[in-house]
There are 2 protein chains.
Amino acid sequence: MAVTIVDVAKRAGVSPSTVSRVISGHPRISPATVNKVKEIMADMGYHPNVMAKSLVSKTTSTIGIVLPRPAEELFQNMFFPEVIRGIVTHSSRTSYDLLMATGVTEREELEAVIRLVKGRRVDGLLLLHSRKRDPLVNFLREEHFPFVLVGRSEEHADILSVDNDNVQASYDATRHLISQGHRRIGFVSGPPNLVVSMDRLAGYRQALAEAGLASSPEWIVEGEFLQESGYQAMSFFMSLPERPTAIVVIDDLVGFGVLRGLTELGFKVPQDLGIIGFNNTPMAELATPPLSSVDIGIYQIGYTASQMLIRRIKGEKTMQPRAVIPHRLVVRESSLPPV
Amino acid sequence: MAVTIVDVAKRAGVSPSTVSRVISGHPRISPATVNKVKEIMADMGYHPNVMAKSLVSKTTSTIGIVLPRPAEELFQNMFFPEVIRGIVTHSSRTSYDLLMATGVTEREELEAVIRLVKGRRVDGLLLLHSRKRDPLVNFLREEHFPFVLVGRSEEHADILSVDNDNVQASYDATRHLISQGHRRIGFVSGPPNLVVSMDRLAGYRQALAEAGLASSPEWIVEGEFLQESGYQAMSFFMSLPERPTAIVVIDDLVGFGVLRGLTELGFKVPQDLGIIGFNNTPMAELATPPLSSVDIGIYQIGYTASQMLIRRIKGEKTMQPRAVIPHRLVVRESSLPPV
DNA sequence: TTGAAAGCGCTAACAA
DNA sequence: TTGTTAGCGCTTTCAA
């Protein structure tokens, strides 16, 4: 069957350990044997059995990501493809493979993680979003298993994580709308158990408070990261007796839902409602009107997360636990002054 | 350290082989010991070491995908996230993990595959696009390694593959433009070494020929699956003395590039140029005007590919090698009659 | 129904 | 500089 290290050793007239040493670039080994062995390996088409190596070295050269629950819902939004792109770019540069696991229910998700961790299937794990009191986080901490959180942990400051300053980002977005002359500003949020939802809501509130503007509970709506949610939020807002003149939307995709709804109902953007979203999706530029958005550097988030994780795996200690990726306001037509 | 099968065996007062049998659901084993062992496993938090198991069973419960070369370029287009969504949905339902590897150059790509295959790292492989005379295909065939091709192999009819009838799909799209009254129809293709580019070009030509319409070489442009390519193709077409009145575009993303360019230059769609794309990206609906597109069932392609691969891995033999996913014309404003 | 023993392919002491 | 040996944690004959 497949060529093993023993086959190579025999053909080369050396011991398996010598071959092993050649493979791992052991320093003290004669150039002559190195050459001979390498030649024979190439000649025989030898490739080390990854599992055997892992078993003894207790290391896999693989990092895992656990896809947030309904994989169905996941890729609608460009966020995940884009983080994954960042992750895979970095991890492949450092010769790590990427394993994707998924659990549909919360329980399955935890079980998948346990299997990966206890089964020693991966060297580290990337958590793609942060929830309040996340059981995964607790488990991984207890196990002292290397992991990096995309987002921010509320309860543990020492966790490795990469995030935006979402409070500030949302603050900036809201300030922008205020500077355009808006006084009644709404907010379309994401699932309330996600830290990102909280942070962006906080930034929004902070900006309003600072400007001495009122916020009505009616102007804050929660939903999913889906177009549908935007559509619903829009219906709700536009039927209000005193409706907002502009809104901050937690995600471009949700913003597109708003846009579509407004168009259907014959409203004009930004005249009837100013909009600014998050993520600066490629689509944002193409929408009608082009959608203003906060670019949060998703690719870079993924890249950095992989970087931190692999450093952690390799045992680097001198690391600040929290990386903050800068954001950037991209103003387009959808948030120009209403006049 | 981690709990092993031996630890469990000791605590249960049985041999490791007995524990192994309990785990694998061996039929001839007393219910009493089964219960006892299971209890102890749960109690000790035992989880089998995946590597050790793989080493002896020569199976990994993992399927691999090799990301087409520049991962950079990959996720711009919704095609890959969407196939992956299909793949991951099916594979996780059947308890397979998904390993993503990538190579930047063609050579690296092949090396990654060799490493996965010869290193026995995955049980099977999914190839995400088909090129003419693909060295990966040749290698995998020689190795008799389970793999499924997304797309179509020109040279080998026996290869497991899942594809659309791209000739027909493109034929349909072109027919549609003809039926809207267009007589001068152009085609924006993808990289010429991809089978999908050829097939769609063939369908386009066939429709024109059948309708007795001329096609000029000037009306056929090749590019990448990127907005940029659409933009360039558009500039080219619109500067032609006798330019097409409508175009078939190999991919929505490319179509968006065309759209954007036309808007910038002050042209109107569909009045100045009718457009129909492929993939029916979520964006297509949101573009201005909404983009007509051929829905090719990308999610289903991924799902089916995973299904075929895992069947093949499990040794099922009664399988037609080629699955064809149906396509569907989605007509929107961008291809309405030019009048 | 259960156990003992061998071995999957590799690495890493310890010797030589 | 190289070889010998003993495992890594698991499965699987073969015997009992």
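The analysis underlying the following values was restricted to heavy atoms, covering all of them including side chains, and did not include hydrogens, waters or symmetry mates.
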(Q) Using only modelled atom types and a 3.5 angstrom limit, is any donor from either the side chain of B:Ser17 or the base of C:dA4 paired with an acceptor on the other? (A)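 Answer yes: a donor N or O sits under 3.5 Å from an acceptor.
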Q) Which residues within residues 40-57 of chain B lie with some heavy atom under 4.0 Å of an atom in DNA chain C? A)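 Residues of residues 40-57 of chain B under 4.0 Å from DNA chain C: B:Leu55, B:Val56.
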Pairwise distance [atom1]([X]) to [atom2]([Y]) - rounded to 0.5 angstrom:
X        : Y       : atom1 : atom2 : answer
B:His129 : B:Leu67 : NE2   : CG    : 10.0 Å
B:His90  : B:Tyr96 : NE2   : OH    : 10.0 Å
B:Met100 : B:Ile84 : CE    : CD1   : 5.0 Å
A:Leu309 : A:Thr94 : CG    : OG1   : 9.5 Å

Calculate the interatomic distance between [X] atom [atom1] and [N] atom [atom2]; express it in whole Å.
X        : N      : atom1 : atom2 : answer
B:Lys118 : C:dG9  : NZ    : C1'   : 16 Å
A:Asp7   : C:dC8  : CG    : C1'   : 13 Å
A:Ile29  : C:dA12 : CD1   : P     : 13 Å
A:His26  : C:dC10 : NE2   : P     : 18 Å
B:Arg120 : C:dC8  : CZ    : P     : 13 Å

**Q.** Touch class at under 4.0 angstrom, heavy-atom based, for A:Thr33 against every strand present
**A.**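 The residue A:Thr33 makes sugar-phosphate contact but no base contact.
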Q) Touch check for B:Thr4, heavy atoms < 4.0 angstrom, all strands: base, sugar-phosphate only, or nothing? A)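 Sugar-phosphate, backbone atoms only, no base.
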Q. First and last nucleotide of DNA chain D in contact with chain A, 5' to 3', at under 4.0 Å to a heavy atom: what are they?
A.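 Contact boundaries, 5' end first: D:dT1 to D:dG9.
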Q.
As a quick check of understanding, evaluate side-chain contact (heavy atoms from CB on, under 4.5 Å) for A:Asp134 and A:Arg131, giving each step before the final call.
A. CA-CA 5 Å; A:Asp134 194 325; A:Arg131 294 170 292 199; 3.2 Å; yes
Q) So, A:Arg115 versus B:His47: side-chain donor-acceptor pair below 3.5 Å or not? A)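 Distance-only check fails for A:Arg115 and B:His47.
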Q) For residues B:Arg121 and A:Thr62, is any side-chain donor paired with an opposing acceptor at under 3.5 Å? A)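 Distance-only check passes for B:Arg121 and A:Thr62.
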(Q) With a cut-off of less than 4.0 Å, is there a side-chain N or O of A:Lys58 near OP1 or OP2 of C:dT11? (A)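 For A:Lys58, the contact criterion (side-chain N or O under 4.0 Å from OP1 or OP2 of C:dT11) is not met.
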Q.
Below the 4.0 Å mark, does C:dG3 have OP1 or OP2 next to a side-chain nitrogen or oxygen of B:Thr18?
A.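 Affirmative; the distance criterion is met.
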Q. Any side-chain heavy atom of A:Val83 within less than 4.5 Å of one from A:Tyr303?
A.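 Contact flag for A:Val83/A:Tyr303 side chains = no.
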Q: Can you figure out which of C:dT1, C:dT11, C:dA4 approaches the side chain of B:Arg28 most closely?
A: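 Of the candidates, C:dT1 comes closest.
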Q. Which one of B:Val113, B:Asp123, B:Val122 satisfies the side-chain contact (heavy atoms from CB on, under 4.5 Å) criterion with B:Phe145?
A.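 The option that passes is B:Val122.
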